[in-house]
Each structure stands twice: as structure tokens, then as C-alpha cells.
Amino acid sequence: MYINRLAILCNDPVFSEKSQALAARLAVPLYDKVDKFTPEDFFLTYRDDCLKLIDKELLKKGGLMVDIQPRQGEQRSWPAPKEGALAQAIGRKTKTVIDATTGWAQDSLHIFRMGYDVRCIERSAIMLELLGDAFRRLEQLDWVKRLDLSAPILMRGNAIELLTQLTDKPDCIYLDPMFPAKRKKSALPKKSMLILRDLLGDDMDKQALFDAAMQATAKKVVVKSPSYAEPLGGKPAQSFKSKLLRYDVYIK
Ligand SMILES: C[S@@+](CC[C@H](N)C(=O)[O-])C[C@H]1O[C@@H](n2cnc3c(N)ncnc32)[C@H](O)[C@@H]1O
């Protein structure tokens, strides 16, 4: 839980109303300055027209926001070519995808850019704020406006419950829960993922999430996991590997 660990920082009066509303929504303190003696470890702050998450180490730096730009080397067209292990796992016949563990949305946005119809589920109130801000920014991008696209629908809550309430089953449910880290070089070395792990901890209910996803999908479930982890649903029908990761595919 983030209570006692998170506060809102507003050091620009332009954002004071938005910051007050955010502090009220999350029921956390609002400060106009913070330093190493501030009791909380993490701060949400509006900077450069976007919402950012900073920890005490990053106070002087830019902070982390949900990155909506295409990954390096990804073609700037829409739909982007369906290439790589993730695209192979999701498959060419798939049209609709639910990402049930959206996090920083890097996978959701990659899937969106490949032209799939994506819905996103997230349960962390902090991530939901960052995602809401990111999807607002996404809809302002020239190419998104030109193509008259809407940002993925963001569903708030525990996917284990939300997936049982779906009225239209997606072709594919995508899962990337937090696995316990290994000391050695692992698949989650990025600062953004380290912060997420520190804030939210491992997803201890991932087995129940997998079971709910298998029930709720029309065709398949794809699970991303570090290469050292045991497959979440037993032996997968197919497995696609990239450097430190694996995408395990389970067919309904
Ligand atoms: C490892 S991160 C996902 C990273 C993401 N694939 C990306 O590209 O940024 C896992 C995220 O899934 C969310 N999550 C895990 N289990 C969930 C559940 N049962 N319902 C909703 N969200 C869940 C966590 O809150 C966390 O933000």
C-alpha cells in the first residue's frame, strides 16, 4: 500500500488545483516542497504538462512518466509491423486484447501501435493516475488524431474480478505480473520497474489471475515472464523467447 509512502508535490502554482484534487483522490498529503527529511518516499507531481512519479533519489531529476513514444527502432506507422516475440505470441488472427496487468503500459502501447484493439486493466491507484494522464497525452499526438484513434479503454480494479464481469470476451488476455526478482541480472532492471516493485511488491495472486484469464478469454492467454521463472499455467502450447524474457501462450 502507498499510504504513508506517497505524497503529492506541487511547486508550480499553475498546477495547484489539479494537485489538490489528486491529493484528495489518493488521500495523501500535498507539499509545496520536499527534501530528504520529508517522511514519504515517493511523490506524484505535475511537470512539463504531464504527471510524473519521483522518488527521493530522483528529486532533482525529471521523474518518471508513462512513456507514450514508440520504442527505439519501432516504425512510426500505424499499424506498426507485427514483429518480434510479443507479436508472435499474440498472433495475427487476434483482433482484441485485454492487458490485465497494465503497469507502465509499455506492452499495452506496443500492442496498441501494432493495431490491435486493446483494453487495459490496472489496480494500483497510483498507476491509474499516471495512465490516465498518459492516455490523455496519447490522444493529443498528431498521428493518433490524424487516424482518429482513441486511447485504450482503462478499466480500474482487480482483474481477477473484472475479468469475470466481461460481457464481450477478448481474443487474447495478456498478463505480465510482477515475479520475484533474482539477484542476478534479471528482466526488470529499469528504474521504472524497480520503483513499481518497491511501491507495489510482487503480485502474489498471479495464479488466481491466470485462472481468471483462462476463464475469461475467447481464445488465448499470453503470459510474459522472466526466463528463469516457472511457467505460470504449466506447460504452454507455445513459447516465444526474447533476450531475458519469455512469452508463454495458453490456448483455451
Ligand atoms: C510488472 S507490471 C506490468 C508492466 C507492464 N507490462 C508494462 O509494460 O509496463 C505489473 C502491473 O500489473 C498490475 N497488476 C497485477 N495484478 C493485477 C490484478 N490482479 N489486477 C489488476 N492489476 C494487476 C500491478 O499493479 C502492476 O502495475
Side-chain angles (χ1 to χ4, degrees), residues 1-2 5-6 26 42 44 53 64-72 74 84-87 89-90 97-114 116 118-135 138 151-166 170 172-182 186-217 221-229 232-233 242-248:
M1 261 309 269
Y2 62 84
R5 298 198 68 200
L6 178 82
L26 294 174
F42 298 100
L44 280 173
L53 179 65
L64 298 167
M65 59 180 173
V66 174
D67 186 0
I68 56 168
Q69 294 303 330
R71 293 172 186 188
Q72 215 182 355
E74 204 181 308
L86 173 61
I90 291 178
V97 180
I98 290 188
D99 180 350
T101 55
T102 303
W104 291 100
Q106 296 310 287
D107 294 326
S108 290
L109 289 170
H110 188 190
I111 296 167
F112 173 75
R113 285 191 289 263
M114 288 191 286
Y116 294 104
V118 195
R119 281 176 281 168
C120 294
I121 304 182
E122 176 55 55
R123 65 177 163 192
S124 153
I126 301 174
M127 294 317 298
L128 282 164
E129 294 291 348
L130 290 160
L131 289 164
D133 175 73
F135 288 179
L138 182 71
I153 290 171
L154 190 52
M155 300 160 74
R156 298 156 185 267
N158 189 337
I160 298 170
E161 286 151 29
L162 293 176
L163 289 175
T164 64
Q165 297 159 12
L166 293 177
C172 172
I173 297 182
Y174 179 73
L175 305 177
D176 175 22
M178 206 94 72
F179 284 84
K182 245 188 156 188
S186 83
L188 300 171
K190 282 173 90 176
K191 178 77 182 165
S192 54
M193 287 301 172
L194 293 174
I195 286 200
L196 205 62
R197 173 183 301 288
D198 189 359
L199 253 175
L200 308 179
D202 291 329
D203 294 315
M204 303 308 284
D205 51 1
K206 45 184 165 304
Q207 191 61 54
L209 178 58
F210 175 80
D211 295 343
M214 281 307 278
Q215 285 289 323
T217 190
V221 172
V222 172
V223 184
K224 176 179 176 181
S225 70
S227 43
Y228 59 80
L232 191 55
S242 73
K243 253 190 268 165
L244 297 161
L245 296 171
R246 224 179 46 230
Y247 298 94
D248 292 333

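Both counts, for ligands and for their atoms, begin at 1 and track the order of listing.
Short contacts between ligand 1 and W104, defined as distances under 4.0 Å to a heavy atom of the residue, involve ligand atoms 7 (C), 9 (O). Near G157, meaning under 4.0 Å from any of its heavy atoms, are these atoms of ligand 1: 20 (N), 21 (C).
Inspection of the S227 and R246 side chains reveals no N or O donor paired with an N or O acceptor under 3.5 Å.
For the pair S192 and ligand 1, no heavy-atom separation below 4.0 Å is found. Look at R197 and you'll find every heavy atom at least 4.0 Å from all atoms of ligand 1. Proximity of A212 to ligand 1 is not established, as no heavy-atom distance is less than 4.0 Å.
Contacts of D198 classified as side chain to side chain donor-acceptor pair (under 3.5 Å), with partners at least two apart in sequence or in another chain: R5. The ring-ring contact (aromatic ring centres under 6.0 Å, His included) test applied to F210 returns Y250, not counting sequence neighbours.
Contact annotation: for L200 versus ligand 1, heavy atoms closer than 4.0 Å belong to the side chain alone. At a heavy-atom cutoff of 4.0 Å, ligand 1 is contacted by the backbone of A105 but not by its side chain. Counting heavy atoms under 4.0 Å from ligand 1, residue L196 touches it through the side chain alone. Under 4.0 Å from ligand 1, not a single heavy atom of K206 appears. Residue-level proximity to ligand 1 for D107 is carried by backbone and side chain together, each with a heavy atom below 4.0 angstrom.
D67 contributes a side-chain N or O that, together with a main-chain N or O of Q69, makes up a donor-acceptor pair within less than 3.5 Å. A side-chain donor-acceptor contact under 3.5 Å links D99 to the backbone of T101.
Side-chain contact between L154 and L128: present, with at least one pair of heavy atoms (C-beta onward) separated by less than 4.5 Å.
The nearest non-hydrogen atom to atom 27 (O) of ligand 1, considering only Q106, M178, M127, E122, comes from E122.
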